[in-house]
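As the structure is a computational prediction, the values presented were derived from the model and not from experiment.
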Amino acid sequence: MALLPIITAPDPRLKLAAEPVKAVDAVVRRLMDDLLETMYDAPGIGLAAPQVGVQRRVLVVDIAREGEKPQPLKIANPEILWRSEELATYSEGCLSLPEHYADVSRPARIRLRYLDYQNEIREVEMEGLLATCVQHEMDHLDGVLFVDHLSPLKRNIILRKLAKLKRQKTAETVGA
Ligand code: GNR
Ligand code: NI
């Protein structure tokens, strides 16, 4: 297992669409394990492969709270088979947009088909924070960030702050 560096915005790699995996083989299982370790370390409740620079349709989630029994889900090639008309709103954060949060509304329930860690096809219904988190991670697979669901004004405030922060960090390491 390994901790992987998490890419933060602005970065063109966060805007790419990821490719499906052919199968969940040893390489993809390793990726799932590394994503989960990196997510727990961050800490976060979800992480998608493009956030660590891997353009594959792979993600992990675990919404169990500290002290609760872990409930890791390792997901490849997810497809939403059904989404509720009813929406749910959560204050979302993203490890690629550190320290920024905003309310996002998404379908409250989804039916998901995916390949699991054993390369078996699974279909499950999800609701609540889990449904929101999986949709947030699936957005990453299509190069979409939660700020893309906000008004351009709110989105640009957050993205400009992150760009400025990155410029300052680069200047520091260059010794300017
Ligand atoms: O850690 C995370 N918390 C979170 C909170 C509400 C909705 C979505 C998320 S996902 C986020 C981790 C992350 O950036 N995943 O891509
Ligand atoms: Ni995210």
Side-chain angles (χ1 to χ4, degrees), residues 1-21 27-28 30-63 72-80 83 87-107 110 112 114 126 129-176:
M1 301 251 279
L3 289 179
L4 308 172
I6 296 174
I7 296 169
T8 57
D11 189 303
R13 290 171 291 178
L14 293 174
K15 312 218 75 173
L16 302 173
E19 294 289 328
V21 300
V27 172
V28 174
R30 160 70 75 91
L31 172 62
M32 288 169 160
D33 290 337
D34 289 349
L35 282 171
L36 205 62
E37 189 184 359
T38 303
M39 182 195 83
Y40 287 137
D41 181 73
I45 60 171
L47 193 64
Q51 293 179 276
V52 298
V54 177
Q55 305 306 329
R56 289 287 176 279
R57 303 188 78 80
V58 173
L59 63 90
V60 297
V61 297
D62 188 342
I63 60 155
L73 279 178
K74 302 168 181 181
I75 290 175
N77 297 354
E79 293 170 64
I80 292 179
R83 37 173 72 79
L87 304 180
T89 304
Y90 282 89
S91 175
E92 296 199 14
C94 181
L95 295 169
S96 296
L97 305 162
E99 289 166 47
H100 291 276
Y101 303 88
D103 280 359
V104 178
S105 297
R106 306 179 183 270
I110 56 171
L112 193 75
Y114 65 95
M126 297 172 166
L129 182 58
L130 181 61
T132 285
C133 188
V134 165
Q135 291 174 82
H136 172 119
E137 303 314 330
M138 287 182 70
D139 271 355
H140 280 297
L141 307 182
D142 292 319
V144 173
L145 301 173
F146 83 75
V147 290
D148 295 319
H149 296 283
L150 308 179
S151 70
L153 179 67
K154 286 186 185 169
R155 172 166 61 246
N156 287 331
I157 289 171
I158 293 175
L159 292 178
R160 283 200 202 106
K161 281 185 184 161
L162 288 164
K164 185 176 174 189
L165 207 67
K166 217 172 228 193
R167 281 198 304 276
Q168 285 170 345
K169 281 196 183 142
T170 318
E172 278 164 23
T173 48
V174 170

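The two atoms that bring P78 and Y114 nearest to each other are CA-CB, 4.0 Å, heavy atoms only. Looking at every heavy atom in both residues, A49 comes nearest to L31 through CB-CD2, 4.1 Å. Of all non-hydrogen atoms in Y101 and S91, the two that sit nearest each other are CB-OG, 3.8 Å.
At least one side-chain heavy atom of P107 sits less than 4.5 Å from a side-chain heavy atom of L87. Side chains of C133 and Y90 form no contact here, defined as non-hydrogen atoms less than 4.5 Å apart. Residues T38 and L95 fail the side-chain proximity criterion, which asks for heavy atoms closer than 4.5 Å. Side chains of T8 and P98 form a contact here, defined as non-hydrogen atoms less than 4.5 Å apart.
We find the CG-CZ distance between D103 and F146 to be 10.0 Å, quoted to the nearest 0.5 Å. For the atom pair CD1 (I6) and CG (L47), the distance works out to 5.0 Å, reported to the nearest 0.5 Å. Taken from CG in L59 to CD1 in I75, the straight-line distance is 5.0 Å, to the nearest 0.5 Å. Atoms CG and CZ, from L112 and R83 in turn, are 10.0 Å apart once rounded to the nearest 0.5 Å. The line from CD of E92 to CG of L97 is 10.5 Å long, rounded to the nearest 0.5 Å. Between the NE2 atom in H149 and the OG atom in S105 there is a gap of 10.5 Å [rounded to 0.5 Å].
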H140 and L145: side-chain contact (heavy atoms from CB on, under 4.5 Å), yes or no, with the steps?
CA-CA 6 Å; H140 280 297; L145 301 173; 3.5 Å; yes
R106 and H136: side-chain contact (heavy atoms from CB on, under 4.5 Å), yes or no, with the steps?
CA-CA 9 Å; R106 306 179 183 270; H136 172 119; 3.8 Å; yes
Apply side-chain contact (heavy atoms from CB on, under 4.5 Å) to residues L73 and M126 and explain how you reach the verdict.
CA-CA 12 Å; L73 279 178; M126 297 172 166; 3.8 Å; yes
Worked verdict on M138 versus V134 for side-chain contact (heavy atoms from CB on, under 4.5 Å):
CA-CA 6 Å; M138 287 182 70; V134 165; 4.0 Å; yes
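Exactly one of D34, D33, D62 qualifies for a salt bridge (Lys or Arg N to Asp or Glu O under 4.0 Å) with K74. That residue is D33. Applying the side chain to side chain contact (heavy atoms under 4.5 Å, CB included) test between I45 and each of L129, T132, L130 identifies L129 as the sole match.
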Can you give me every donor-acceptor pair (side chain of residues 152-164, partner residue at least two apart or in another chain, under 3.5 Å) with its distance?
residue	atom	partner	partner atom	Å
R155	NH1	V147	O	3.3
R155	NH1	L150	O	3.1
N156	ND2	P152	O	3.1

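The backbone N or O of A9 lies less than 3.5 Å from no partner atom in the side chain of S96, so there is not a single donor-acceptor pair. Put simply, the side chain of N77 gets close to the backbone of V21: a donor and an acceptor are under 3.5 Å apart.
Legend: salt bridge (charged side-chain N to carboxylate O under 4.0 Å, His left out) pairs involving residues 37-54, not counting sequence neighbours: none detected. Here salt bridge (charged side-chain N to carboxylate O under 4.0 Å, His left out) pairs that include residues 42-61, with residues two or more places apart or in two chains, are R57-D142.
Annotation for Q168: atom CD counts as buried by contact number, over 12 foreign heavy atoms lying within 6.0 Å.
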